[in-house]
Structure formats: structure tokens, C-alpha cells
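Shown next, in C-alpha cells, is the structure this report addresses.
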Amino acid sequence: MSHSDDFDNLPISQRAMARPPSAPARDADYLDGLNAEQRDAVETTDGALLVLAGAGTGKTRVLTTRLAHILNQRKAWASQTLTVTFTNKAAREMRERAEKLIGDEAQSLSWLGTFHSVSSKILRRHAEIVGLESNFTIIDTDDQLRLLKQIIEAENIDTKRWTPRFMAGLIDGWKNRAVTPDKVPAGEGHEFANGRGIEIYKTYQHRLRVLNACDFGDLLMHCIAIFQKSPDILADYHKRFKYILVDEYQDTNVAQYLWLRLLAQGTGNICCVGDDDQSIYGWRGAEVDNILRFEKDFPGAKVIRLERNYRSTAKILACASHLITANQDRLGKTLHTEDEDGDAVKVRGLWDGEAEARLIGEDIESWRSSGRKYAECAVMVRASWQMRLFEERFIMLGIPYKVIGGPRFFERAEIRDAMAYLRLIRSENDDLAFERVVNQPKRGVGATSIQKIQVVAREMERPLTVTAEIMLRGNEIRGKAQTGIRAFLNDLERWRAQAREMEHPRIMEIILDESGYTAMLKADKTPQAQTRLENLKELVRAMGEFESLNAFMEHVELVMDASQGNESDDQVQILTLHGAKGLEWPQVFLPGWEEEVFPSKRAIDEGGIKSLEEERRLAYVGITRARERCYISFVANRMIFGRWQSVMPSRFVDELPPEHVDAVSETGYSAAPDGLNSAGFGGVSRFDSDESFGGSTYESPGWKRAQAARNTTDGRAQYGNWPQKKRPPDINPSGRLTATSDPEAASGLKLGQRVFHIKFGYGKIKQIDGTKLTVDFEKAGVKKVVEKFVEAA
DNA sequence: TTCTTCACGCTTTTT
DNA sequence: GCGTGAAGAA
């Protein structure tokens, strides 16, 4: 095993003296096939280096090869390199690809991970410096919100007017900039409850410390604090990390930047790879400035541009490049390819979202019948609500698909409940976990009882479990709650003892059984309960893959995306544009290119030109995912939040280069990119003639607003909120029933008629009472009262 | 205490 | 359209 001679395995006394052997151990044949720039980026190992890597230019390859090169040149041990990424997925991929290059040695890359996982590892070593114990809990957004809610309520602030979510946003914003409560610039807390925001931030941080917990932002912030407070610790890390590699540098926020800069002060060997045109996380604190400023931050830094694209055909690349030139602040790159022209990017205008889904479904089928794979196709949307239409259509057509980045396994309620039990076993201090599961399953412990305990706990400054115990002894809790809590505490005690001598998957099973959680789900006849049981089984199985309970829990707290399972299956991928970074497919569909959808209304309203540019980068990312074919589409009418709106094609459509675009009209309306406005994209006129509107000059508010927004330079709509007018009930071509908010329309339904409902599939009408229908969904085993249905023509 | 109903707000995206 | 969370009813 080549990694047995690793730095970490040396006796501590020898570490300071340890030097990697100086001679290269292997031939540098891994450099074959790299172009001149890539090779330069790999071989420039020392000093600060910024690699500006455009889409599809072999960024990951350069990073991993560089890593291999450093190791093969014996410039450092694997464990003396630090490689940080943003997502777990990226970290995993990096490790896998490194393994192919350097074999077993990749296992010693113990400092390869996300910013958060590396931070957590560092923080566990020095937790006491920031007032934590090394077994601290990492809380997620859900816990964070509950904690904040308690704090805000305790301050007697109305949580409806000043929502915990908003406060969480402020705190995240501060933490993204590594701003501690005492460093908040004057005037910034004023947005919340008349300036009490800072106070709440302070209390929040204090509470976290008491709970021996951190949130995601803390992981980085505490690390920075440790480095700043203890120069000797920092010096240790300087000695350790001889080479630092950073992926997706354009997405770093201020805290991450500070973190990196502190660590890079040692050797100064830092290599950041990124693409300013793919910075799409500004809303969560990413500073494109970090990459724009790189040369100033790291004096003497070298910049290498990777501009040869190996992914897309020339036409696809031309579209993307042309579109992105509309952005102002760019470092500027000129991507080129030696690839052939390929097919033009297809732009298509359609009547509505269903037509769009239908067409894309057909395209995928014909792709498949031409002998290609489903898995070579991806549908990329701006927001997750747009996925539903495609799912429905694909189910109907029998096209296998997979939604990427849907509700994550470990964020599901049942999994979080199970985790809360484990957390309570690990530490009796975990108040958040206690609150979550004292009454889950129902033990007769209601809000009143919990509140009572909380009050006392706060007074005594003890954790809830301990307080509850004391109160039970003092007979201060009566009735159902008394027996409930008694049983709960006894169970915890017993499990804790058992956990010490049992395999950890087994203890999970015991907890689920004995707590009555499994029984609760078994008693629940809805189809969701079945899935939940399966999820829990999966959880127990996944636990078995970890050495210890603690290892498993660390994994869950940070790597919130387990259990993909059947990745090899031939499935169409449905995902958001954000989720698509770093991926590629031969055939890519980009639906929903309408003003206010993409670019999203919210982005335009809130962030003005800056957000608009970010949306454009998102479009750029979308197009550059395509290798052979790229289909862009927009519709005339779209259902948004249950309301029909007439919508305009996205301005991005107009920004495509006409000579590389093939504009196809599927509706009889002009979809030519250069003529959309003048030719009068027909959605509106068709809408006008619809009799149900009883008028001929109707224009939907959405359309007017969108039109106004398109015509302003900053992208902000000049109109306020327009009164909403309802679109008449929709009649769709498959002869199904569609929900409507118009009660009058819901007449003429017949008993026994089958209706469609999004969640439960087809059901039979059992009873009609005005506009109220009782529908029996036999397949799902659900009876549901469905209101406001309307019959199809 | 728990179950039911209703209104609201929100759907960018990640650790 | 959907889930959440608060208020009201059993």
C-alpha cells in the first residue's frame, strides 16, 4: 500500500523533519493529451495561480492532474495538500478521478472535501478555543429556524411580522461575510424589528454555544476565529498544507475567501480554478469580485486561461458565447472549439406549458428510437416548480426519468426524526432534538407541557431532558404528559445503555420499534407512509456502511445527499439550472424561457442589473451543458402559482445570435428571435379572442409587466401590481379534467366519471355536492374531497 | 391534546 | 399548487 508511508502515519517526532523524496517516482505520462494551456496550469505548481477555465475546457481534469503532478513530483504527501470544493458531489468526483491517476494514494487525500467538511474537521480539533466541545452538533436550516423562532418569541417580537426566515437570512448574510455579532456594521440590524436584529444574532450565537452546536456558517466563521486567535495553530496548518487547490472559485463568499487567504499565507501555493461567467450563487453570498480581484489579493499571481472547449459543437458554443457578451463585468474569455458546426440551437415558441412538455417528450422519444439513450437527455429548468409538468408528461409517455436535487433524503421528516433520536442518545443537551421527538410519535405531550419545561429549563440553565426528569420527580407534570415523558425518558436511558454495546444499525431499529415510530407509520394507510417506512429501512442500511455512530452522524450532518442508488439506469434527467453546473449531456432541453420566469421575476425585482446578469450566466451555463443538441423553448401562457398568465419570451431569446439559431414556430406565431416583438408574438392576440373573457382587448397583467420590464435598462418593471384576472378554466387535449378556481365552471360532472388529480392519479367520482366532489382514488387507496373541478370538453 | 380547517406565502439554488 | 402554521372544534 503506497499510502502507508504517508505523512500522517509518521511518528509525530519525525514529522517536522519529514520531506517527500525529491525524485519523481513515475513517468509523467498523465500529462499526455493535455493542450499547452492545460499543461501550463498543471505544471505551474508553485505560487498563486488563477486558472480561468471556461465551460467545457477540462477544468476538473486540470485540477486532478495537477494534484497527481504535485504528488508524483514528490513535492508533497497526499495529506499535505488541501483541496476544497463547494459540493459533496464535486468532492466525490475529484477523489474518484484522482484515484484513477494516482491509485491508492488518493485515499490519503484526507484534506479533500467541501469548505464545510474541511472546516468541520479543523473545528473538531480545536473546538474549545471557540467555546465548543469537539462533539458539537451541526444544525441544519430547519433547526436553525426553530431556534430563531424561540428566540424571537422570547423577545416578545411578533414572529408573523418579523419572520424567523428573514432573520435567518440576515444572519446567513453576516456569516457569509464572516461578520460576528459584535462586528455588525452600525445600521445593518435595522431591517429587523426596529434594530433588534443584532441583539437576536447575539442571543442566537449564545444559544448555539450552550447547545454545543453550530450552523453551517459557523463552521467557517469559527475556523477563521481560531486562525486569528491562535497564530501557532495557524502556523501548524501552514506547515501542513503545502499546496492548496480550490474549485469553483467564482462561488466563494467573503468568509471562504478569508479562510483561504489565512491558510495560503503559509506557502503561498494556492491554485484557484473558476469561471466568472459561471458565477450563479450571488444570492447566497458568493462574490464574483473574489475572482475579479484575484491578482490584487495574491500579488505576483499568474493567470492562465483555458479557452479551448472540448464539449459542445461550434454552433452551441457560439450561442452561449454571444449571449454572455451582454454582461458587463467580465474578465473576458474567447472560447473556441475545433469541433464541427453541428445543429443550430433550436428555439421554439409554444402555446402553453403542456404543449411544451408534450413536444419535448416527443423529441426524447424520437431520440430514443434513433438508437440513443434516455440518459443522454436532460431537461433543465429555472425553478423546481417547473419540473412537475415534465414529470407528468413523462409518466404518461412511459419515459423513465429522474429528478436530480429533489427533496433530499436526509431532509425528509422521518429521517430527521430518526436522527433526532440518535442525537438525543449521543447527547442529552440536544434540546432541539428533544423538542422534535418528545411527541413524535404522539405521547400526549402537547405544546403546553413543552413550554412549561422550557420555562423551567431556561431558569435552571439545564437541558430539557434533565429539566423534564427533575420536574417529573417533583410531580410538576401531570396527566397524559406525565406518563408520556416518563416513558420517553426511560426509553432514552435504556437506548443509551444499549448503544454502547450494540451494532449501530441495530440500535436504530430498536429505537424505531420501541418508540412506536414504526407502528405509527404502519397504522397510517396513506401511500406516503409506505415510502417513509422504506426510507427508514434505507437509513438503517446506510448506517451499516459506517464504522461508528459518530462517523455516520457526521456524514449525515454535512453530506446531505445520500442514496442515489440506481445511477446506471437509463433515465432522462430533470434538474434545475443550478444543479447542472459541471455536468453535460448530448441533448439538452431548456424550457421556460419567459420573462419573469427566466430571468425570474424575483431576481429582477430584488437585485436589478446585477441579478439580471447572474440570470444570464445561468442561461450560459444551461446552453454550455449541451454537447450535440440544444433546444430552447418558451410559451405564450403559463400557469404560475395556480394562476394563468400570458407571458413574454425571455429577453435572453433575443440575445442569441440569429445566424446560429433555428427558430421554429409550433403555434403559428412568430418565434424568430429577431422579430419577436415586432411580429407580435401571438399569445396575446389569441388570448384576446377567447370568448370567455367577454372582451376583446384583454391583456394579462403578467404580460404587460413583463413587456415593461423588457423595455427598461435595469430590467425593473415600471408598473406596480396589476389586478389579477382569472383565465377561464383550461381544457386540455387529452380530455382530462383540470382544476379551476371558478366554481361556476364545475358543473356537468357525472357520478362515476374519472377525474385526474396531480398527486393521486385517476379517481372515480363517488359523490357530487355543488362544486364539491368526493373522489375515490382506488389505486392510491385514498378517498379525497376534491373541490373546484371542471369537466373537459 | 389532537384533529380539522383555513389562509397565507412561497417555489431560485447548497453546505 | 403545495406545505406550513395558526386558529377553531371535538
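At least one side-chain nitrogen or oxygen of A/S449 sits closer than 4.0 Å to the OP1 or OP2 atom of B/dT1. Under 4.0 angstrom from either OP1 or OP2 of B/dT1 there lies at least one side-chain N or O belonging to A/T448. Contact between the side-chain N/O atoms of A/N439 and the OP1/OP2 oxygens of B/dT2 is found at a separation under 4.0 Å. Look at A/N88 and you won't find any side-chain N or O under 4.0 angstrom from OP1 or OP2 of B/dT14. Contact annotation: A/T114 side-chain N/O to B/dT14 OP1/OP2 distance is not under 4.0 Å. Phosphate proximity of C/dA6 to A/K149: present, with a side-chain N or O under 4.0 Å from OP1 or OP2.
For A/W259 and A/Y257, the ring centers sit 6.0 Å or farther from each other. Taking the six-membered ring for Trp and the full ring otherwise, the centers of A/F390 and A/F589 sit at least 6.0 Å from each other.
Protein atom CG of A/L145 is 9 Å distant from nucleotide atom P of C/dG5, rounded to whole Å. A straight line from CD1 of A/I139 to P of B/dT15 spans 17 Å, rounded to a whole angstrom. When rounded to the nearest whole Å, the span between CZ of A/R146 and P of C/dA6 equals 13 Å. If you take NZ of A/K601 and C1' of B/dT13, they are 19 Å apart, rounded to a whole angstrom. Separating the NZ atom of A/K480 from the P atom of B/dT1 is a distance of 9 Å, rounded to the nearest angstrom. Rounded to whole angstrom, the span from the CD1 atom of A/I477 across to the P atom of B/dT1 amounts to 10 Å. Across the protein-nucleic acid pair, A/D142 atom CG and C/dG3 atom P stand 15 Å apart, rounded to whole Å. Taking atom CZ of residue A/R388 and atom P of nucleotide C/dC2, one finds them 6 Å apart after rounding to whole Å.
Here A/F115 lies out of heavy-atom contact (under 4.0 Å) with every strand.
The listed nucleotides are B/dT1, C/dC2, B/dT15; the one nearest the side chain of A/L558 is B/dT15. Listed candidates were B/dT14, B/dT15, C/dG1. Nearest to the side chain of A/Y281 is B/dT14. Taking every side-chain heavy atom of A/T87 into account, B/dT15 is the closest of C/dC2, B/dT15, B/dT13. For A/F216, the listed nucleotide lying nearest its side chain is B/dT15; candidates were B/dT15, B/dT13, B/dT2.
A salt bridge links A/D251 with A/K581: the closest approach of a Lys/Arg side-chain nitrogen to an acidic carboxylate oxygen falls below 4.0 angstrom. Ionic pairing of A/D172 and A/K175 is not present here: no N-O contact between side-chain nitrogen and carboxylate oxygen is shorter than 4.0 angstrom.
Side-chain polar atoms of A/E414 and A/N535 form a donor-acceptor pair below 3.5 angstrom.
Judged by ring centres under 5.5 Å apart and planes tilted less than 30 degrees, A/W283 stacks against the six-membered base ring of B/dT13.
Where A/A447 and A/T576 each meet DNA chain B at their nearest nucleotide, the meeting point lying more 5' is that of A/A447. Nearest-nucleotide positions on DNA chain B for A/G444 and A/T141 put A/G444 closer to the 5' end.
Relative orientation of the A/H578 and A/Y281 rings is tilted, given thresholds of 30° and 60° on the angle between their planes.
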